Amino acid sequence: MTTSKIVLSFAASACIAVSTSAMEFQVLGAKAAAMGGAGIATSPSSLAAYNNPALLANNPEKFSLHIGGGIGLKDTGAGKAVSDLSDLDFSGVSHIVDGTANTASAEDIATLIHAKNIIVGMHGKGFQLNPTADFGLSFGSFGTGLFVTSDIGAIANVDQTHTALIFAGTAAGSYYDISSGTAVASDLTTYNATSLQYAIDNDLTNLDVLGLAVAEVPLAYGHAFDVGFGTVGVGGSLKLMSGKTFYKSIALDEENSFDNIDQNSVTSSTFGIDLGTTFKPKAVESLTLALVGKNLNSPEFDAFGGRKYEIEPSFRAGGAYKLTDIVEFALDADLTTNKGLTGYDTRYIGGGVNVDLSALEVNVGLMKNTASNDEAGVIYTAGIATGPDWLHFELSAQMASKTGEVEGTSYPKQALVNFAISSAW
């Protein structure tokens, strides 16, 4: 296998992620996406069954409907490596891989050493895709719907014990190690134990493509209690959950390696429990404080090979303050670090402002992943909405401040778009 094929294999992992469908703590809705991800204290009642069932406790609407969808993409560290590899000139190194390492030039050896260092550094890095879809309903204090969230990733799995640049020679039983910058004779035992080429040929260094898509049908209820100094809303959601998992380990020298990518898929069902609360102080009735816990029972889904994917409980706090009938502020913060399927951690804090001019709504905000492995930096969010309450159109987007680049094309390291139609009576 040539080193240039390694570049193509890692680059293709991005494409395969985009062609599938994807899971972390997500507040659904175009409005929340545009306000820095903040929504557990100010979501429309039609999304309360998913975002925070306690919002149903003070629902003024007899009926509301929300239909929406979105897609988010994260570069969790692989983009720079793919770009760095694509910038290298491999035209003169194929003969080294094919058995002539002992006659390689210093320039060609330096190219392979550079490529090796990039590949070794890619371990655990990849791309992630997070599509969502929702069909939310509320009827007074009750809510239900169909909510789909997913977590799909392609991640580099590089065996850190096989990193030496040892290649077989043209003569039978001959091996050459160029890791030091010059060709030195080696042997079969060392080749099998330490060679990067051996790891690639024997699927020790590969790509893991994996995903979990979950469809939830909740039955949610919220109730309000007057406690004298304010109103406490309490809500709960019992969810029927259907999950589809898939996994494939892709050898870098495998022909048509991305065919039948979901061949190891498994579908299973379980249930989940969400609980939420809100508080509206009597002294500041325009203020809503909120707390929600999702998947409190740690639901599990079956995966290929007898494994299990567990969704750990997650908690988020938030608040919303309606300054006037036109202006509202909101802020949410994750209280737990949420680990995605690919190992990428998220712990968001974000907020924004909604300006409702009747015929037009404008939302802007900021959010930040405070987890230590963040790749995106500050994320800018914005959106617009228009139409009467009975037919409302919403569009929102997010874009990271940090960018990556592949073959001269710059892209945000995290981005999202979301569209929704809602109706309330």
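Note that this is a predicted model, so its numbers are computed, not measured. Reckoned from all heavy atoms, side chains included, excluding hydrogens, waters and symmetry mates.
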Cation-pi geometry met for Arg307 and Phe301 (6.0 Å, 45°) =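 Judged by the rule (NZ or CZ under 6.0 Å from the ring centre, within 45° of its axis), Arg307 is not positioned above Phe301.
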ask   = Do Lys402 and Asp374 sit within salt-bridge range, that is, some charged N less than 4.0 Å from a carboxylate O?
value = no
message = Can you tell whether the side chains of Lys413 and Glu405 come within less than 4.0 Å, N to carboxylate O?
response =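 So Lys413 does not pair with Glu405 through a salt bridge.
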query = Can you list every pair that meets side chain to side chain donor-acceptor pair (under 3.5 Å) and has a residue in residues 225-242, with sequence neighbours left out?
reply =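 Listed by first then second residue: Glu216-Lys239, Lys239-Asp274, Lys239-Asn295.
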Within 6.0 Å of [atom1] in [X], more than 12 heavy atoms from elsewhere:
{"X": "Glu107", "atom1": "CD", "value": "no"}
{"X": "Phe304", "atom1": "CZ", "value": "no"}
{"X": "Asp389", "atom1": "CG", "value": "no"}

message = Centre-to-centre under 6.0 Å for Phe279 and Phe229, is that the case here?
response = yes
Centroid separation Phe329 to Tyr321 less than 6.0 Å =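 Ring centres of Tyr321 and Phe329 not closer than 6.0 Å.
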key: side chain to side chain contact (heavy atoms under 4.5 Å, CB included) between Glu61 and Trp425, intermediate numbers included   = CA-CA 6 Å; Glu61 297 157 348; Trp425 301 84; over 6 Å; no
query = Do Val232 and Thr277 touch side chain to side chain, with heavy atoms closer than 4.5 Å?
reply = yes
inquiry  = If the test is side-chain hydrogen bond (donor to acceptor under 3.5 Å, both in side chains), which one of Lys31, Lys322, Glu361 qualifies with Asn354?
reply    =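 That would be Glu361.
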message = Using ring-ring contact (aromatic ring centres under 6.0 Å, His included), reason through Tyr309 and Tyr247 one step at a time and then give a plain yes or no.
response = CA-CA 11 Å; Tyr309 286 161; Tyr247 167 83; 8.5 Å; no
inquiry  = For Met399 versus Pro412, what's the shortest heavy-atom pair and its separation?
reply    =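 Nearest pair, atom of Met399 first, then Pro412: CG-CB, 3.6 Å.
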query = Has the side chain of Asn297 got a donor or acceptor atom that lies under 3.5 Å from a matching backbone atom of Ile273?
reply = yes
ask   = Between Asp332 (side chain) and Ala32 (backbone), is there a donor-acceptor pair under 3.5 Å?
value = no
request  = Taking ring-ring contact (aromatic ring centres under 6.0 Å, His included) as the test, write out the residues that go with Phe147, two or more places apart.
outcome  = Tyr50
